[in-house]
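What follows is one structure encoded as structure tokens, with my remarks underneath.
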2 protein chains.
Amino acid sequence: MDKNDLRNKLISIATRLFAERGLNGVSIRELSNAAGVSISMISYHFGGKEGLYSSVLQEQFSSFEHIEEINNADAEALTKIEAYIRWIIVRHRNNPYLLRFYTSELTNPTQFFSLIVQPAIEKVIQILVRIIEEGISKNKFRKDLNPVDTVLAIAGMVNYYFLSTLATQELISHSPERDEVLIRHYMDIFTKGILS
Amino acid sequence: MDKNDLRNKLISIATRLFAERGLNGVSIRELSNAAGVSISMISYHFGGKEGLYSSVLQEQFSSFEHIEEINNADAEALTKIEAYIRWIIVRHRNNPYLLRFYTSELTNPTQFFSLIVQPAIEKVIQILVRIIEEGISKNKFRKDLNPVDTVLAIAGMVNYYFLSTLATQELISHSPERDEVLIRHYMDIFTKGILS
DNA sequence: AGTAAAAAATCGAACGTTCGTTTGAATATA
DNA sequence: TATATTCAAACGAACGTTCGATTTTTTACT
């Protein structure tokens, strides 16, 4: 088998299993059995169990690299904000790793955080702040808005989506249609609050 | 030592350690060492490691029982909403267990969820929905608001607070003063969106 | 193109460690 | 004296890693 074939296969299997039970909830024996290889392959290809877990996390956060597409669109600030909300919900809805990383299981969580997560968050915040500032400077948004705090208000709505889809599945049924209803509702309330 | 003394001591120590590293990240040897007793005490008093963990979780979610105090206050709907936001932030700020429970580590997470968490969430949502409906019926809020979705928008802001305080500590410094600024900002944006 | 040598990939077994639980004796409390 | 609590020791199971042998793939040379 080609080297990358097995690597990708192990990452794929690990992504599913770690999502369900976390780093310490899955053994390398279960992982290697599911892949049909011996347990030594995980140490060989990833340098150990945590190396495999880090690869999974890294892949999960890599999609944030494409956030800039939102800002490149030739649209008004409010449209960009809605595009961001829709983009992040579609891409990351029901993604357990957005929560897993908060409840750290790594031996050195700080290192992973500063390497992978913090740059991703910083990039998103920066771009959104720029969008808000653009809206203010064009007199579309209220002049007294604090851009950073406003970004936090937007991100709050979106973040709640991950929590609610994961935690309250039996309370509130989620679906693409329900996504749209909530996005419209969020934007509706939010729009009236920030327009000048 | 009195029975309840040791029980409370173990729960106290476990609350701190489990918060940092999760159920599988802490061994009963470390827990019992910290308490200065033998490891068999955990099985004796809690029926095992998961029994201790469940006791910790249960205690963390019990404070939601006091949510009704918010609704009893003789105040307008908008004031109650602000009171809710302040209440939950003050009580649960930086509480890692609000995230830990989402990334399940229990052998039977469904059972704990339906017994402890779901009733707590349902109660909070019900009370907030009632507050929104009250605001609508008194012509304070827009008549076309969907109460449930509006609650989700509010809860989104608050939930984000837990995430951001835990995850972005190095990005955005949090403090009681910062709490107030953000609460004011949230309420400011939100108010303009829901008033009739 | 064919072959031999080198490198990479895989395996199975074994290692030492740590885990949570159990047990029976000892101590404290009523 | 009877009951509840605590202890130290031991148990078997599971864990992640390592190691030498074996197989597969790649490279180098004719």
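Computed from a predicted model, the values in this text were never measured in an experiment. Both backbone and side-chain heavy atoms feed into the values below; hydrogens, waters and symmetry mates do not. Below, chains carry the letters A, B, ... as their sequence lines are ordered, and counting in each starts from 1.
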Heteroatom pairs (N/O) under 3.5 angstrom, protein to nucleotides 14-21 of chain D:
residue : atom : partner : partner atom : Å
D:dG16  : OP1  : A:K49   : NZ           : 2.2
D:dG16  : OP2  : A:I28   : N            : 2.9
D:dG16  : N7   : A:R29   : NH1          : 2.8
D:dG16  : O6   : A:R29   : NH2          : 2.9
D:dT17  : OP2  : A:K49   : N            : 3.1

For A:S12, which residues count as a side chain to side chain contact (heavy atoms under 4.5 Å, CB included) partner, sequence neighbours excluded? none

Could you list all the side-chain hydrogen bond (donor to acceptor under 3.5 Å, both in side chains) pairs where at least one residue sits in residues 123-133 of chain A, not counting sequence neighbours? none

All pairs passing side-chain hydrogen bond (donor to acceptor under 3.5 Å, both in side chains) where residues 15-29 of chain B contributes a residue, at least two apart: B:R21-B:E30

Summary of ring pair (Phe, Tyr, Trp, His ring centres under 6.0 Å) pairs that have at least one residue in residues 17-36 of chain A, sequence neighbours excluded: A:F18-A:Y53

Among residues 51-59 of chain A, which ones have heavy-atom contacts with DNA chain C below 4.0 Å? none

Counting only side-chain nitrogens and oxygens, does A:H45 get under 4.0 Å of the OP1 or OP2 atom of C:dA8? no

Listing request: all salt bridge (Lys or Arg N to Asp or Glu O under 4.0 Å) pairs with a residue in residues 77-90 of chain A, at least two apart in sequence or in separate chains. A:K80-A:E134, A:E82-A:R86, A:E82-A:R184, A:R86-A:E180

Within the distance-only criterion (no hydrogens, no angle test), does the side chain of A:K138 pair as donor or acceptor with the backbone N or O of A:E76 below 3.5 angstrom? no

Rounded to whole Å, the CG-P distance (A:D5 to D:dT25) equals 11 Å

Check the distance between C:dT10's P and A:F46's CZ and give it to me in whole angstrom. 11 Å

Separation of C:dA9 atom C1' from A:L6 atom CG, nearest Å, is 9 Å

Between D:dT5 (P) and B:N8 (CG): distance, integer Å: 14 Å

Residues at least two apart in sequence or cross-chain that pass side chain to side chain contact (heavy atoms under 4.5 Å, CB included) with B:D188, listed by chain then number, are A:R142, B:K192

For A:S43, the side chain to side chain contact (heavy atoms under 4.5 Å, CB included) test, sequence neighbours excluded, returns none

Distance in angstrom units between A:R7 CZ and C:dA8 C1', rounded: 14 Å

Between CG of A:L10 and C1' of C:dA9 the distance, given in whole Å, is 13 Å

